[in-house]
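The next block holds one structure in the form of structure tokens; read it before the comments.
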Amino acid sequence: MTTIRLRNTRTRKVEPFAPIDPKNVRMYVCGPTVYDRAHLGNARPVIVFDVLYRLLRHLYGAEHVTYVRNFTDVDDKINAEAQRRKGLGDPRSLEELIRERTEETIGWYHADMDALGALRPDKEPRATDFIGQMIGMIEGLMKPRKDGKPFAYERDGHVLFRVREYVDYGKLSGRSVDDMIAGARVEVAPFKEDPMDFVLWKPSDADLPGWDSPWGRGRPGWHIECSAMSHELLGESFDIHGGGIDLQFPHHENEIAQSMCAHPEGGFARVWMHNEMLQVEGKKMSKSLGNFFTVRDILQQRQTFGHTIRYMFLNTHYRKPLDWTEMRLNEARKELSRWAPGARMIADRDLKLRAPHPEIVAAVANDLNTSLALKVASRLATKVLHSAESEDAIEFASAAHFLGFDIEELASKIGFKWDEEVSFDTNDVAVLQKILGFRWEARDRKNFALSDEIRDRLLAAGIALKDKGNREVEHEFAASFNRAVLEETLALLETGALK
RNA sequence: GGCGGGUUGGCGGAGAGGUUACGCAGCGGAUUGCAAAUCCGUGAAGACCGGUUCGAUUCCGGUACCCGCCUCCA
């Protein structure tokens with residue numbers, strides 16, 4: 001069997017991967033805080049770990065992999081949005097408004113990530129459904145120990161974790177507690193015994209959502225949710241824990257501290273994986289720089305589909321910063337247009353996909369070398385272009401499918417462009433298809449005058465045609481699209497007035 | 001300041017201690033009714049300084065620069 005090799009942040013080495021239980025390979029990835037539309041950066045770990053999920057399913061069997069990705073629905077930004085709506089006069093309770101906000105955000109998130117070809121994880125727990133487990137875990141951390149202080153303590157309604165009591169604190173991110181204190185820039189809350197101690201539970205006033213606990217009404221700190229949910233759903237030790245590199249510290253460091261102290265007999269996560277950040281035109285994506293995009297924004301751009309975005313992400317190795325540039329986007333579009341004929345042959349000839357090419361699997365298995373995998377897929381696509389053989393189309397499409405590309409989408413949406421402003425419907429497309437039929441007929445009869453006349457009339461209707469060989473036609477709807485001219489052209493052809 | 005990561009040809013981006021990555025763009029050619037597309041060929045690299053080695057872009061050390069984290073941002 002193919003050996004998977006993965007870079008483990010904890011050891012800083014690429015290591016062969018061996019699951020604890022091959023019958024149940026377990027992966028946990030930190031999911032989004034659901035306060036707004038997912039931005040482009042949110043999509044990166046989704047796609048990166050989707051590729052890994054697909055690889056694991058391929059090698060161990062779909063039923064032997066459990067992938068958990070949480071929704072953080074306890075958060076100050078969510079509260080702020082709910083309070084804003086309340087302030088605008090919404091009569092419903094804060095809890096209802098929060099629920100509404102998180103529900104709609106989760107719906108958006110699903111729609112956007114589905115569009116990128118990401119499989120849904122097996123479980124998508126919400127933090128608010130696991131408050132009981134979090135409280136239980138915190139209680140366990142507060143119990144007296146034989147050989148030292150309890151790991152957690154209560155002060156002023158807060159429960160805090162004593163980082164000094166966990167000797168390996170800082171190991172994941174390669175920091176020592178003393179170094180961090182030396183370089184700390186934040187004000188230290190007065191109730192902390194040690195500046196690096198972090199919050200497990202904090203009090204809520206009447207204006208904030210809260211749950212009853214042994215320490216009064218309050219809400220959990222950020223880190224405890226992942227520890228509680230991963231323990232509940234995956235057990236005290238599991239195989240892979242992933243997320244963005246920005247989570248390495250403090251989030252993952254704190255998760256490790258809590259989980260290892262609460263369940264010292266388990267090893268928590270064995271392999272830690274972190275994806276690098278996304279940049280836009282060489283700069284950090286931020287609202288203040290005006291280069292901030294949601295996934296939705298990008299999907300609505302002209303000629304950009306879910307698979308275009310997916311290609312962009314896979315074209316850069318997950319451990320390198322990904323630069324989102326217009327130039328690279330154009331390259332992705334261009335490359336994917338070469339994939340369309342192979343994808344179309346699958347649909348047209350009703351071909352069945354099969355296991356992916358070993359080179360693709362090997363590339364992905366080598367610490368997710370997706371860039372190389374894309375090159376292999378492109379090579380296979382080129383082969384289809386040359387041979388037009390069903391066998392080659394199957395090989396190509398099986399590879400593309402393994403990488404998470406939707407073959408039907410590739411087949412149907414490429415070679416088809418439109419301006420952002422234009423509005424047209426499926427009926428317009430049907431009319432266009434009929435007209436193109438007449439044009440092919442004319443060209444078969446070497447009636448180039450009619451062929452060119454049709455092209456000119458379509459141009460007048462706002463549709464630009466480009467022949468691409470193999471009877472592939474690229475048509476582009478411009479903003480000036482004129483339905484009347486389009487329909488008139490078809491009428492002229494059907495009545496024989498134009499011939 | 002502390003910690004982590006990076007630096008490959010005009011651009012993007014891989015593998016390998018010695019043998020062509022590849023793609024885009026460029027250039028040359030072929031082909032095509034036209035616009036377009038397609039095909040073939042081709043030049044071009046490894047931030048800098050040392051070290052290990054018969055030989056390093058690939059390993060080791062240092063320098064410079066860039067990026068991220070240290071602030072509940074993936």
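Throughout, a chain's letter reflects where its sequence line sits, starting with A, and its residues are numbered from 1.
Rounded to whole Å, the distance from CH2 on A/Trp272 to C1' on B/A74 is 14 Å. The distance between atom CZ of A/Phe71 and atom P of B/A74, rounded to the nearest whole Å, is 13 Å. Rounded to whole Å, atom P of B/U20 lies 17 Å from atom CZ of A/Arg379. The distance from atom NE2 of A/His252 to atom P of B/G4 is 19 Å, rounded to the nearest whole Å. Per the geometry, CG belonging to A/Leu322 stands 16 Å off P belonging to B/G6, to the nearest Å. One interatomic measurement links the two molecules: CD of A/Gln279 to P of B/G5, which rounds to 17 Å at whole-angstrom precision. In this structure, A/Asn447 places its CG atom 15 Å from P of B/G33, rounding to the nearest Å. As rounded to whole Å, 12 Å separates atom C1' of B/G4 from atom CE of A/Met277.
Taking the C1' atoms as reference points, B/C11 lies 15 Å from B/G46, given to the whole Å. Taking atom C1' in both B/U8 and B/U58, one finds a spacing of 11 Å when rounded to whole Å. Taking atom C1' in both B/G50 and B/G43, the straight-line distance is 32 Å, to the nearest Å.
Checking the phosphate oxygens (OP1, OP2) of B/G15, no side-chain nitrogen or oxygen of A/Lys375 falls inside 4.0 Å.
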Next item on the list: State the dot-bracket string of RNA chain B. Criteria: Watson-Crick or G-U wobble, both atom distances under 3.5 angstrom; notation: ( ) intrastrand, [ ] crossing earlier pairs, | interstrand, . unpaired.
Entry: (((((((..(((.....[...))).(((((.......)))))....(((((..]....))))))))))))....
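In this structure, a donor-acceptor pair under 3.5 Å is absent between the side chains of A/Tyr28 and A/Asp239.
Distance from the side chain of A/Glu331 is smallest for B/G23 among the nucleotides B/G23, B/A74, B/C39.
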